[in-house]
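Accompanying notes for the structure given below.
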Amino acid sequence: MSHGHSDPIHHPEVQMASKSHYVTGFAIASLLMLAATILVSGHVLPPFALLLAIVGCAGLAIIAQVYFLLHIDISEHNIWNTVALVMFIPLFVITIGLTWWMFSQLYLRTMPMIPGMPGMH
């Protein structure tokens, strides 16, 4: 079963690969993760602002990795990769949401109640 690309080097995704894109994506994602680590370890923000900053860093890191490492954008050349990404996003959100729900329920059902702690019944 041949699709006209018997040599893997001539496959379109391989042709789009470049070392500079991979290095740029890795550097941006690493810097964003370093910034999030510094924010958490330095206790420089209140808890809700820290949560928003971490979510922002994670979102930007995901976008950088999708664009620079996976080479997925909205161009016509990558339409099927973009369609796959659009189909993947709801599954990813559902997976993260169910994982968060599972761990929050596990926490509520297994952690001992300490009198005087906020959020405890």
Side-chain angles (χ1 to χ4, degrees):
M1 184 154 124
S2 176
H3 296 286
H5 300 289
S6 59
D7 188 5
I9 300 296
H10 296 299
H11 200 270
E13 282 79 13
V14 174
Q15 294 293 320
M16 292 178 358
S18 72
K19 187 184 288 185
S20 65
H21 274 136
Y22 287 128
V23 171
T24 303
F26 176 75
I28 289 173
S30 297
L31 288 175
L32 288 168
M33 293 302 114
L34 179 66
T37 302
I38 289 172
L39 288 175
V40 169
S41 64
H43 303 286
V44 294
L45 295 173
F48 187 70
L50 180 62
L51 178 66
L52 290 179
I54 292 171
V55 168
C57 287
L60 290 175
I62 289 172
I63 291 170
Q65 290 181 2
V66 164
Y67 183 74
F68 287 110
L69 300 179
L70 300 177
H71 305 286
I72 294 176
D73 56 12
I74 56 173
S75 67
E76 189 174 321
H77 180 70
N78 288 332
I79 189 69
W80 288 110
N81 289 336
T82 305
V83 169
L85 179 66
V86 168
M87 299 298 282
F88 168 76
I89 288 173
L91 296 174
F92 181 77
V93 169
I94 289 171
T95 302
I96 296 299
L98 288 176
T99 303
W100 174 80
W101 176 80
M102 179 187 73
F103 279 105
S104 66
Q105 292 299 311
L106 183 66
Y107 177 80
L108 289 175
R109 294 174 195 273
T110 59
M111 296 303 287
M113 289 186 222
I114 300 172
M117 285 200 59
M120 295 287 182
H121 299 285

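Note that these values count all heavy atoms, side chains included, but never hydrogens, waters or copies made by symmetry. This structure is a prediction, so every number in the text was calculated from the model and none was measured. The chain is numbered in sequence order, starting from 1.
In this structure, Val66 is a member of the same hydrophobic cluster as Ile96, with clusters built from ILVMFWY side-chain heavy atoms closer than 4.5 Å. The same ILVMFWY cluster, assembled from side-chain heavy atoms under 4.5 Å apart, contains both Ile89 and Ile62. Hydrophobic clustering keeps Phe88 apart from Val86 (ILVMFWY residues linked when any side-chain heavy atoms are closer than 4.5 Å, directly or through intermediates). Residues Ile54 and Val44 share a single hydrophobic cluster, defined by chaining ILVMFWY side chains whose heavy atoms lie under 4.5 Å apart. Linking ILVMFWY side-chain heavy atoms closer than 4.5 Å, directly or via other members, places Val93 and Leu70 in a single hydrophobic cluster.
Met33 approaches Ala61 most closely through the heavy-atom pair CE-CB, 3.5 Å. Here the closest heavy-atom approach between residue Leu45 and residue Leu50 is recorded as CB-N, 3.9 Å. For the residue pair Gly25 and Leu69, the shortest heavy atom distance occurs at CA-CD2, 4.5 Å.
Atom CE of Met102 sits in a crowded spot, with more than 12 heavy atoms from other residues, nucleotides or ligands closer than 6.0 Å.
Between Thr95 and Phe92, every side-chain heavy-atom pair lies at or beyond the 4.5 Å cut-off. Residues Leu108 and Gln105 form a side-chain contact, since some pair of their non-hydrogen atoms from C-beta on lies under 4.5 Å apart. Proximity of Val23 to Phe26: side-chain heavy atoms (C-beta onward) are nowhere separated by under 4.5 Å.
Taking the six-membered ring where the residue is Trp, Phe68 and His21 present tilted rings, their angle falling between 30° and 60°.
Between Leu60 and the choices Leu32, Val55, Leu31, Ile28, the side-chain contact (heavy atoms from CB on, under 4.5 Å) rule is met once, by Leu32.
Under a 4.5 Å side-chain heavy-atom criterion applied to ILVMFWY residues, the cluster that includes Ile94 comprises Leu98 as well.
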